[in-house]
2 protein chains.
Amino acid sequence: MAEPQFAAQLSAVMSDTPAPIYQRVKQAIVRQIRTGAWAPHQRIPSESEMVAELGVSRMTINRALRELTSEGYLLRMQGVGTFVAEMKPQTEMLEVRNIADEIAARGHRHSSRLVNLQARPATADEAQALGIPPGQRLFHSLIVHYENDVAVQLEDRCVNPIAAPDYLQQDFTRITPYIYLTQVAPLTAGEHRVEAVAPNAAQRSLLGLTDNEPCLLIHRRTWSGRQVVTSAHLLYPGSRYQLFGSFTV
Amino acid sequence: MAEPQFAAQLSAVMSDTPAPIYQRVKQAIVRQIRTGAWAPHQRIPSESEMVAELGVSRMTINRALRELTSEGYLLRMQGVGTFVAEMKPQTEMLEVRNIADEIAARGHRHSSRLVNLQARPATADEAQALGIPPGQRLFHSLIVHYENDVAVQLEDRCVNPIAAPDYLQQDFTRITPYIYLTQVAPLTAGEHRVEAVAPNAAQRSLLGLTDNEPCLLIHRRTWSGRQVVTSAHLLYPGSRYQLFGSFTV
DNA sequence: TAGTGGTCTAGACCACGTT
DNA sequence: ACGTGGTCTAGACCACTAG
């Protein structure tokens with residue numbers, strides 16, 4: 001019933017910061033969890049108990065608890081109570097950014113060379129990736145991206161003509177396919193896969209690789225509604241590119 | 001002033017679903033954005049306008065708008081208004097999961113072989129990664145992880161003795177270093193980097209690779225407070241492992 | 001039946017930016 | 001001065017789960 005420690009924690013937070021009440025309540029709760037005073041799976045005081053102990057309206061307590069739930073700190077079950085969530089930093093994340101943005105963010109110059117742009121029948125693999133019948137007409141583009149004139153990405157892309165009928169008429173030295181496609185077909189979902197591969201002779205030549213150095217291959221598919229808009233293979237020289245991510249619990 | 005389209009949208013959503021009001025308001029707004037009726041950077045009706053048009057309390061409208069803001073759909077500026085956020089799915093994410101969990105999730109059997117476990121002086125690189133003086137004593141472990149007896153990860157890990165003094169006494173065939181370390185030193189932050197590399201002879205031997213196939217290398221550092229707890233190199237055979245991620249806008 | 005969280009309201013005061 | 005979003009309250013009704 002009495003939660004002197006929590007009340008003390010809160011009043012401590014109350015006094016020093018001029019933050020909104022719901023923020024201070026959140027801070028106090030996170031502190032209880034971080035210090036271990038409230039362990040995972042443990043039930044924490046109910047909304048009405050906090051209202052009584054802290055002298056704050058229930059809506060304010062509710063907002064604090066709701067936000068902490070959506071942030072992964074708490075689990076709530078109607079009719080049961082509120083519990084400390086299990087610390088699960090098991091699935092951390094890596095950013096996958098647009099190549100042109102990434103180069104610009106480094107303060108470098110992006111340029112590209114259009115190697116191929118045509119309509120042709122889909123191979124079996126391509127048809128499967130795009131969700132169209134094998135042999136059906138698709139658009140294909142092959143572009144090398146440079147960072148300060150050094151090749152950093154080989155973009156091998158298939159496009160569903162239904163989603164972007166004017167794809168072949170674009171100037172892909174001025175606009176990247178990714179940007180164009182998001183303009184004509186607002187993307188709603190996507191997936192990507194990363195693996196390490198050895199480039200073949202044609203790929204080595206296009207990227208200007210002399211030895212057989214390993215490359216990162218990102219295979220990305222993008223949807224607009226139920227329709228696959230595009231399927232791309234992005235090949236990066238291992239020595240010139242890294243994926244990076246950081247996280248905070 | 002009059003927003004017949006929006007009001008119509010909302011009443012449509014209102015009628016069919018028995019969802020909470022704030023949810024229906026959110027859906028209606030998202031629909032306005034998805035269909036392009038409300039374009040990026042465009043100002044949308046104010047809270048009080050929505051209250052008048054939709055006959056809903058301001059707190060309910062406020063909750064809908066607040067949640068959509070935290071979900072990235074909207075931008076709000078006090079004293080100015082609420083605006084449609086720019087669609088920026090530029091930085092998509094890849095999951096990086098714990099190897100044991102990942103194998104278990106596939107319904108396969110995880111096992112591991114402890115190749116090395118010792119205390120030794122830090123090399124220059126290791127010292128830098130851990131944030132300790134070069135030559136200072138650290139713990140080192142080298143473990144091969146198997147999925148159904150096929151090697152899928154080589155885990156080369158340095159540990160800060162300050163953070164985990166009993167590291168050498170653990171049985172790492174029963175508990176993975178990652179799990180042990182999160183137990184003794186609650187992690188608060190981390191970073192990782194992924195690149196494609198060619199494995200050396202020792203690495204090939206430990207992973208049971210015959211040819212010189214490319215590998216994914218994940219370098220991960222983990223903090224507990226201001227202290228680096230551990231720095232690990234995780235090496236995956238390219239043919240046996242892929243990172244995967246999917247996203248929805 | 002009693003307690004929990006989930007939602008909603010009508011009204012209020014405030015800080016902020018524009019005019 | 002005015003309209004904006006940011007916050008807070010006191011009270012209410014409901015759905016759900018447990019004993």
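Below, chains carry the letters A, B, ... as their sequence lines are ordered, and counting in each starts from 1.
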Worksheet item: For L235(B), which of L217(B), L216(B), I218(B) qualifies under side-chain contact (heavy atoms from CB on, under 4.5 Å)?
Response: L217(B)
I'd like a table of atom pairs between the protein and nucleotides 16-19 of chain D - only N or O on both sides, under 3.5 Å - with the distance next to each one.
residue : atom : partner : partner atom : Å
dC16(D) : O4'  : Q78(A)  : OE1          : 3.0

Worksheet entry | N/O (side chain, T60(B)) to phosphate O (OP1/OP2, dT9(C)) under 4.0 Å | yes
Worksheet item: L65(B) has an atom CG; how far is it from atom C1' of dG5(D), in whole Å?
Response: 10 Å
Discussion item. Below 30° counts as parallel, above 60° as perpendicular, anything between as tilted: where do the rings of Y241(B) and Y236(B) land?
Written reply: parallel
Practice prompt. Check whether any side-chain N or O of T82(B) sits under 4.0 Å from OP1 or OP2 of dG5(D), and answer yes or no.
Written response: yes
Discussion item. Expressed as a whole number of angstroms, how long is the span from M50(B):CE to dC8(C):P?
Written reply: 16 Å
Worksheet item: Separation of N62(A) atom CG from dT4(C) atom P, in whole Å?
Response: 14 Å
Worksheet item: Given atom CZ of R63(A) and atom C1' of dC8(D), what is their separation to the nearest angstrom?
Response: 10 Å
Practice prompt. Look at the aromatic rings of F172(A) and Y180(A) and report parallel, tilted or perpendicular, splitting at 30° and 60°.
Written response: perpendicular
Worksheet item: Is there a side-chain polar atom (N or O) of Y22(A) under 4.0 Å from OP1 or OP2 of dC8(D)?
Response: no
Response to the item:
On DNA chain C, more 5' by nearest nucleotide between R66(A) and G81(A) is G81(A)
Item to complete: List in chain and number order the residues that pass side chain to side chain contact (heavy atoms under 4.5 Å, CB included) with V80(A), two or more places apart in sequence or in another chain; answer none if no residue qualifies.
Response: M77(A), F83(A)
Worksheet item: Given atom CD of E47(A) and atom P of dT7(C), what is their separation to the nearest angstrom?
Response: 11 Å
Worksheet item: Charged N to carboxylate O below 4.0 Å: is that the case for E47(A) and R66(A)?
Response: no
Worksheet entry | Pairing residues for E191(B) by the side chain to side chain donor-acceptor pair (under 3.5 Å) criterion, not counting sequence neighbours | R221(B)
Worksheet, complete the sentence: When rounded to whole Å, the CG to C1' distance for the pair L68(A) and dG5(C) reads 15 Å
Discussion item. So does H108(B) get a backbone contact from the side chain of N148(B), meaning a donor-acceptor N/O pair under 3.5 Å?
Written reply: no
Worksheet item: Counting distance only, does the side-chain N/O of Q23(B) pair as donor-acceptor with the main-chain N or O of P20(B) below 3.5 Å?
Response: no
Discussion item. Any side-chain N or O of R76(A) below 4.0 angstrom from OP1/OP2 of dG6(C)?
Written reply: yes
Fill in: CG on D101(B) to CZ on R106(B), rounded to 0.5 Å
11.0 Å
Discussion item. It should be established whether S57(B) places a side-chain nitrogen or oxygen under 4.0 Å from OP1 or OP2 of nucleotide dA10(C).
Written reply: no
Worksheet entry | Donor-acceptor under 3.5 Å (R58(B) side chain, S48(B) main chain) | no
Worksheet item: Quick one: M77(B) CE to dG3(D) C1', roughly how many Å, whole number?
Response: 14 Å
Item to complete: Ignoring the backbone of I21(B), work out which of dC8(C), dT7(D), dT4(C) is nearest its side chain.
Response: dC8(C)
Are there any protein N/O atoms within less than 3.5 Å of an N/O atom in nucleotides 11-13 of chain D, and if so, which ones and at what distance?
residue : atom : partner : partner atom : Å
dA12(D) : N6   : R58(A)  : NH1          : 3.0

Worksheet item: Does the T230(A) side chain pair with the main chain of C158(A), one donor and one acceptor, at a distance under 3.5 Å?
Response: yes
Discussion item. Please enumerate all residues that pass side chain to side chain donor-acceptor pair (under 3.5 Å) together with T60(A), with sequence neighbours excluded.
Written reply: none
Worksheet item: Rounded to the Å, how far apart are L54(A) CG and dT9(D) P?
Response: 11 Å
Discussion item. Could you write out DNA chain D as dot-bracket? Rules: Watson-Crick or G-U wobble, both distances under 3.5 Å, brackets [ ] for crossings, | for pairs with another strand, dot for unpaired.
Written reply: ||||||||||||||||||.
Worksheet item: Just to confirm, is there a sub-4.0 Å distance from OP1 or OP2 of dG3(D) to any side-chain nitrogen or oxygen of S48(B)?
Response: no
